[in-house]
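If you read the sequence from its start, that first residue is 1, and numbering goes on from there. First listed ligand is number 1; within each ligand, the first listed atom is number 1.
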Amino acid sequence: MRRVSIFGATGSIGQNTIDLICRDPDAYDVVALTGGRNIAQLARDARHLRADVAVTCHEELLPDLRDALAGSGVEAAAGDAAIVEAADRPADWIMSAIVGAAGLAPGMAALRHGTTLALANKESLVTAGSILMETARAHGATVLPVDSEHSAVFQALVGEDLSAVERVIITASGGAFRDWPLEDLARATLAEASSHPNWAMGQRITIDSASMFNKSLELIETREYFDVSPDQIEVLVHPESMIHALVGFTDGALMAHVGPPDMRHAIGYALHWPERRRLPVERLDLAAIRQLTFRPPDDRRWPALRLAREVMRLRGLAGAAFNAAKERALDAFIAGEIGFQDMADVVEETLDTLTRDPGLSSAPIDLDNVQSMDHLARMRAGDVIKRRKSREQVVWS
Ligand code: NAD
Ligand code: MG
């Protein structure tokens with residue numbers, strides 16, 4: 001039996017992972033499941049899968065979790081440290097599907113045990129990609145991509161000579177506002193930004209898809225996984241979300257990965273790698289689909305893409321700063337403090353203030369520096385948000 005743990009088990013990726021595991025329950029021994037506020041879901045899944053331990057990141061919810069698990073034999077734990085402790089429990093395969101930079105510490109702990117880490121948590125790669133990959137190498141651990149685009153690239157590269165790769169193209173659906181008139185974007189509401197035309201995902205990544213911050217994280221993610229230079233990575237808008245990525249080789253061939261927009265493919269590929277097994281995803285009927293369309297990305301509509309290119313140029317701790325500023329700006333949009341388009345402005349202004357400090361590009365990339373930069377960027381982004389709000393009040397009064 002394979003020992004598996006799922007971090008972020010109550011989220012969209014976590015639930016899809018559980019769906020696959022439940023189809024073959026005798027094959028897996030579930031070690032740890034973690035979640036947040038949805039204690040009922042966490043406890044239900046932990047009971048059903050007979051996990052050793054269930055952990056919520058919210059310490060104050062420990063009594064609720066204990067109650068929900070009473071008599072089940074599943075241990076209850078709570079808090080950030082307990083999540084990292086759960087990642088220290090030996091497992092053969094770990095799904096990293098916490099959203100945000102909070103996924104970094106448990107991912108690092110898991111890699112130190114030489115495990116196989118299925119990595120959906122792209123933020124940890126953007127924040128500390130080089131540390132994560134070095135840790136994996138040092139401990140003989142394996143990192144497998146669980147993002148539809150990066151899983152697609154990974155699959156297109158099987159058996160290929162990496163030196164023959166000319167370019168990597170990741171596709172983007174364009175999110176909720178791809179066809180909106182530009183002038184309407186400033187008025188986009190939280191509900192409108194939280195609905196994706198093709199993919200069912202957590203709220204934060206759905207909003208990041210509308211703003212293209214998700215694709216901007218994925219540009220950086222591509223560089224970290226495949227060691228290609230930023231000018232070899234392209235973004236292509238493809239509204240149908242059927243082609244997930246393409247790899248272009250020196251002989252002019254383009255290998256495309258085509259499949260329905262269902263994350264169970266990328267999760268299942270990482271679960272069974274290096275084998276392929278039957279997965280419960282729709283089989284595409286291309287004759288019925290008839291046509292697939294493509295368009296170039298528009299930097300005016302999606303300034304996040306330009307910012308990601310700047311982050312890749314700066315290197316160093318810029319990824320940590322970028323991700324943290326983006327998370328803070330997203331919090332502010334969700335809380336109704338800033339508008340949809342203000343998110344990119346806040347991130348850009350935060351990066352501008354931080355680039356005046358030479359430490360951003362030159363400080364050594366270690367976990368302490370990454371964490372300090374994450375903290376500093378959140379504070380600076382908070383200041384930028386405050387300044388914008390007070391300017392707005394002056395205009396209105
Ligand atoms: P989600 O919001 O549905 O779930 C997030 C999970 O993380 C939940 O279990 C939540 O309880 C937990 N969590 C949130 N904050 C936490 C914290 N501070 N500490 C510990 N746990 C915390 O998110 P999702 O859509 O499943 O995405 C998860 C990750 O996978 C993200 O990094 C996202 O970018 C990536 N991803 C998601 C998809 C998708 O289709 N949903 C596709 C590709 C990549
Ligand atoms: Mg993706």
Tabulated below should be the N or O atoms of ligand 1 paired with protein N or O atoms at under 3.5 Å; can you produce that?
unit_1, atom_1, unit_2, atom_2, d
ligand 1, 3 (O), Ser12, N, 2.9
ligand 1, 7 (O), Val99, N, 3.4
ligand 1, 9 (O), Gly8, O, 3.4
ligand 1, 9 (O), Thr10, N, 3.4
ligand 1, 9 (O), Thr10, OG1, 2.7
ligand 1, 9 (O), Gly11, N, 3.2
ligand 1, 11 (O), Thr10, OG1, 3.4
ligand 1, 11 (O), Gly36, N, 2.8
ligand 1, 25 (O), Gly202, N, 2.9
ligand 1, 26 (O), Ser12, N, 3.0
ligand 1, 26 (O), Ile13, N, 2.9
ligand 1, 30 (O), Ala120, O, 3.4
ligand 1, 32 (O), Glu123, OE1, 2.6
ligand 1, 32 (O), Glu123, OE2, 3.4
ligand 1, 41 (N), Ser12, OG, 3.4

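Remark: Arg295 CZ is packed, more than 12 non-hydrogen atoms of other residues, nucleotides or ligands lying under 6.0 Å away.
Taking every heavy atom of both residues into account, Ile98 and Pro106 meet most closely at CD1-CG, 4.1 Å.
Hydrophobic cluster of Ile243: the remaining members, joined at side-chain heavy-atom separations below 4.5 Å, are Ile169, Leu236, Met242, Leu246, Leu254, Val258, Leu284, Leu286, Ile289, Leu292, Phe294, listed by chain and number.
His257 pairs by the side-chain contact (heavy atoms from CB on, under 4.5 Å) definition with Ala152, Gln155, His244, His265, not counting sequence neighbours. Partners of Asp345 by side-chain contact (heavy atoms from CB on, under 4.5 Å), not counting sequence neighbours, listed by chain and number: Asp342, Arg388.
Taking the Mg ion (ligand 2) as reference, Asp147 places its N/O/S atom OD1 nearest. The minimum distance between the Mg ion (ligand 2) and any N, O or S atom of Glu218 involves atom OE2. Within Glu149, the N, O or S atom at minimum distance from the Mg ion (ligand 2) carries the name OE1.
Residues His48 and Ile18 are not in side-chain contact: their nearest non-hydrogen atoms beyond the backbone lie 4.5 Å or more apart. Between His150 and Thr222, some side-chain heavy-atom pair lies under the 4.5 Å cut-off.
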